[in-house]
Amino acid sequence: MEIYLQFILLGIGSGVVFAALALGLVLTHRASGVVNFAHGAIAMYVTYVYSSLKDDGAYPVPPLPNPFAIVEGILSWVGITVALPDFPTFIQMGDEWPWWAAMLGAVITAGVIGFLFHYLVFRVLRYQPPLAKVVSSVGLMLILQAAVVIRFSNRARNVESLLPNDGVDVLGTTVPMDRFILFGLMIAATTVLYLVYQKTKFGIMTRAAAENEQHATLLGISADSIAAVNWIVAAMLAGLVGILAAPITGLNPLNMTLFIIPALGAALVARFSSFWVAVWVGMGIGAGQSLLQIMEIRLDWIPDINLSQGLPLVVIVVAMMVRGQVLPSRGAVERGRLPLALPTRIRPRVMTVWLILMTWLLIWGPFEWRQATINTLIAAILAMSLVVVTGYVGQISLAQLSLAGIAAFMLSSLATDAGVPFPIAPLLAALVATFFGLIVAIPALRVRGASLAIMTLAAGVAIEVFLFKSDGWLAGDSPRRVADPSFLGIEFGPNSPFWFGDGKVPSPAFGLFVLLVLTGCFIAVIRLRQSMLGAQMLAVRANERAAAAAGVNVQGVKLAAFGISSFLAGIGGTLTAYKFGTYSMESFAILASLSLFAFSYLGGIATVAGAIYAGTLYQQGIGTLAFEKLFFDLGRYEAYLAGIFLVITALVQPQGIDVFDRRERRRIAWGFMVLWRRMTGNPDRTKPEWVTRIYPIYPKPQEAVAEAPEKVPAEVGEGGGGS
Amino acid sequence: MSAVLHTDGLTVQFGGLKACNEISLDVNRGELLGLIGPNGAGKTTFINAITGFVPATGRVLFDDEEVLGWVPHRIAHRGLTRTWQSLELFGDISVRANLEVAATKLTPIKAVRDYFGSSQRVAARVDQTIDALEMHEVLNARPDDLSMGYRKLVGVARALVADSKLVLLDEPAAGLDRSETSWLAEKLRQVIDYGISVLLVDHDMGLVLNVCDRIHVIDFGKTIAIGTPEEIRTDEAVIGAYLGSSGGEEQ
Ligand SMILES: Nc1ncnc2c1ncn2[C@@H]1O[C@H](COP(=O)(O)OP(=O)(O)OP(=O)(O)O)[C@@H](O)[C@H]1O
Ligand SMILES: [Mg+2]
């Protein structure tokens with residue numbers, strides 16, 4: 001029996017980190033109504049800073065864009081290789097720092113990060129819908145995570161313990177002392193914070209601002225500076241606990257970043273408002289995970305499937321089932337709107353040009369271009385799965401690639417191990433993904449916004465742990481294999497022969513197959529937008545209550561969206577599996593899901609054309625390749641840039657590239673025309689009809705009357721039709 | 001039975017507050033019934049309760065069927081629809097699509113048939129409503145871009161288009177000017193002529209006293225008077241309730 005007690009007490013080590021992060025989540029949610037997915041990443045980043053200062057006396061400079069790199073790239077076109085100055089990667093200050101100095105430096109860094117997050121991002125997004133806030137915090141998480149990978153690589157880093165860890169005897173078992181010290185520090189910190197927030201004017205103002213920002217503003221409280229202080233405190237606490245607990249939990253760029261999931265579970269139980277509940281549940285999850293680990297080893301009747309990793313998901317699901325929509329609303333007006341879900345029209349000319357270009361690239365393009373095109377096409381299908389669920393219905397799903405992964409693993413079992421023939425195997429595999437998508441959706445039906453993002457993130461991690469990891473149900477030991485698909489005797493896998501081209505992998509046959517599937521999905525999703533189901537989806541997105549009152553079965557529509565979306569993700573997953581032939585879980589890891597979400601938002605998450613942009617920009621797609629050909633190798637910077645662009649998109653152009661392009665294209669063209677006429681002395685300033693066709697995105701009633709196209713009664717004209 | 005809606009002892013409890021306290025109310029077929037009361041009297045809560053948005057106790061018979069406890073969309077399909085005090089339109093689809101959504105009872109099979117283009121669209125009923133309310137000119141605009149008056153109208157149209165037997169209108173005249181209000185009153189009488197019953201909640205006494213057949217007055221969740229406009233105009237309890245409340249009716 002003692003051993004169980006021992007493990008419970010050992011679990012306090014990570015439990016304290018969960019508790020500190022949960023507390024920080026409560027603080028930042030109070031401060032600016034944000035669920036900060038990047039909070040674990042802050043702790044992780046700060047701990048790296050500490051470790052680097054203490055061991056090497058080197059302060060890591062966050063990667064900054066260097067304009068010279070572009071110049072170098074351009075010069076290399078003409079064969080000139082030069083090495084222009086670059087930003088320093090580290091600032092060297094002595095050899096080793098004493099622990100307290102390193103800690104001070106790191107915690108100040110934490111405060112700066114907290115302040116910048118507030119000042120540059122969430123202050124600006126205060127009145128935006130939850131989607132924009134979730135997107136930005138996910139972007140910030142990607143940025144911090146990628147920054148550490150760029151500076152320190154992916155490897156785990158050893159952090160020396162600051163706390164004494166001699167054994168202490170408790171109730172017949174021995175536990176290192178550091179657990180108790182951490183526990184004591186955490187309780188002390190929480191008590192102090194609790195008293196400050198209960199008793200001081202600052203605390204009362206924070207609560208007033210959290211409850212109703214407008215009232216608080218009327219009372220002369222500057223919600224802004226209060227929020228800033230909360231952010232700084234939350235970030236410093238996260239960093240401090242990260243530094244102290246890293247020797248126990250271990251430190252690598254991913255593990256502490258993902259501690260956000262148990263922390264989110266604890267914060268949810270605390271309804272993002274109670275300090276003590278957050279802290280106790282956080283510690284409880286840590287202790288519970290540790291206990292489950294030893295139980296799994298000791299007790300035969302518990303299957304060895306990493307149960308402990310599922311605990312946060314269970315906590316999150318139970319919290320949501322019991323309490324429904326747990327995130328309290330903050331009485332703040334939402335002025336922002338969701339990205340417009342403009343209908344994408346099939347424009348024959350544009351589509352023909354695009355198809356010819358893709359076909360040409362797939363057949364006669366050099367190896368890397370063929371590869372990049374295939375990557376782009378598959379990513380576009382995956383992005384479409386997000387268009388349906390997030391764009392049309394407004395439900396944030398962060399687990400799309402986990403669903404894709406399920407289909408991929410199923411495909412390998414079905415097609416390769418069980419010999420199921422071609423069209424059946426991938427379709428069945430996609431249906432299995434659909435099934436899992438629906439399982440994720442059912443507990444999620446009652447929640448939306450950030451809560452749903454939390455739930456899908458946790459589900460994604462759980463799928464990864466239980467199904468994909470080497471001892472998971474789907475994975476097995478060896479890397480998975482998928483044979484090339486063939487139908488009616490024609491083979492069209494990456495290794496299949498083809499009449500034209502250089503005869504090397506990836507075969508144009510496979511590329512064309514992917515192109516065909518994408519075109520099918522493209523048309524299908526456009527059609528969905530025009531169908532009654534699509535209209536109901538948008539109604540649900542706009543206003544669930546009103547939709548229900550108008551006779552829309554809200555839960556049914558959501559389920560349909562999750563189902564369709566998971567099916568599309570599943571199709572994308574099977575294509576990914578075919579592409580690799582042999583693949584591992586990395587392609588479907590949770591970070592890949594997040595970056596897919598990032599690119600989809602960037603391209604335009606609410607339109608089908610946006611998904612094509614997303615695919616073009618996606619990692620290792622055409623966009624990246626073109627950039628690397630023109631300028632320089634992106635390498636590890638890809639994820640970093642994805643994060644930065646994601647945050648910028650959320651801040652500046654939440655519509656994404658597609659709508660931005662449609663709205664501005666004609667205006668810009670008209671600007672050039674005016675300029676040209678000025679220069680050539682042409683006095684004609686009358687706007688031609690095609691210019692005015694930009695505006696119906698926000699038609700004034702009169703304009704709408706004037707321009708209402710008679711052929712398309714169901715929708716507002718998108719303005720870009722048939723160009 | 002001539003009542004299209006019959007509630008009996010309808011009670012809604014928010015913690016210690018009884019927002020609706022034993023309200024018994026009948027809306028007869030083809031009747032325009034006014035439901036009035038000072039601010040916070042429980043009018044919106046009453047509408048929320050019978051359309052399935054807040055849990056309530058008591059009985060709600062709609063068209064001789066007990067609908068209490070049904071999910072909102074089922075109640076709407078049955079023919080009991082409503083508008084919202086705070087509008088709540090579908091901001092990013094066109095006005096016409098707003099109406100189409102409300103006009104369709106989408107079952108999974110219908111959804112699939114519609115997707116593959118083989119189902120009959122609901123165009124006829126939508127067109128009828130549009131004709132009746134004379135709102136052709138805004139059909140292709142987005143509700144977010146319309147004036148307040150038009151937005152209210154879209155809300156009313158959306159409730160009517162669903163082939164409803166009874167519509168519950170929550171303050172349709174709020175934010176409208178005098179001429180818009182009288183135009184609305186005229187439209188409401190027309191709606192009655194189509195055989196639809198109406199429950200009208202509004203603070204505009206002029207409108208309510210003018211168009212309603214009967215008026216039901218509540219205060220603090222309780223019924224304080226029922227009667228014809230003339231009776232209500234002179235009712236002591238009603239005058240007392242309105243004088244006693246800070247929120248006057250005719251602002
Ligand atoms: N969801 C809720 N939770 C708690 N109390 C509520 C809730 N909704 C309404 N109330 C309370 O119930 C009472 C009745 O509110 P209701 O909105 O029905 O009034 P109303 O008659 O529609 O007023 P108004 O004319 O201002 O619209 C009010 O005191 C209100 O504060
Ligand atoms: Mg009301």
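In what follows, every chain begins at residue 1, and chains take the letters A, B, ... in the order their sequences are listed. Keep in mind that this is a model prediction, so the values were computed, not measured.
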I want to check something: taking the side chain as every heavy atom from C-beta on, are A:V552 and B:H73 in contact at a cut-off of under 4.5 Å? no
Heavy-atom contact with chain B under 4.5 Å, split by part of A:A560: neither
Can you tell me which of B:V161, B:T51, B:T104 forms the most heavy-atom pairs within a distance under 4.5 Å of chain A? B:T104
Once rounded to the nearest 0.5 Å, what's the spacing between atom CZ of A:R527 and atom CG of B:D114? 6.5 Å
Answer yes or no: are there more than 12 heavy-atom neighbours, outside A:F435 itself, under 6.0 Å from its atom CZ? no
What option among A:A524, A:A539, A:A542, A:G534 has the most heavy-atom pairs under 4.5 Å with chain B? A:A539
Once rounded to the nearest 0.5 Å, what's the spacing between atom CD of A:Q536 and atom CZ of B:F90? 8.5 Å
Identify the heavy atoms of B:H77 and A:G551 that sit nearest to each other, and give their distance. NE2-O, 2.7 Å
Is there side-chain contact between A:L528 and B:Y115, with heavy atoms separated by less than 4.5 Å? yes
When rounded to the nearest 0.5 Å, the distance separating CG of A:L538 from OG of B:S94 is 10.5 Å
What closest approach, in Å, do B:A76 and A:A549 show between heavy atoms, and which atom pair accounts for it? CB-O, 3.3 Å
Just verifying a value: how many Å separate B:L106 CG and A:L533 CG, rounded to the nearest 0.5 Å? 6.0 Å
Identify the residue among B:K110, B:E100, B:R113 that makes a side-chain contact (heavy atoms from CB on, under 4.5 Å) with A:M532. B:E100
Proximal component of A:R541, with respect to chain B [non-hydrogen, under 4.5 Å]: side chain
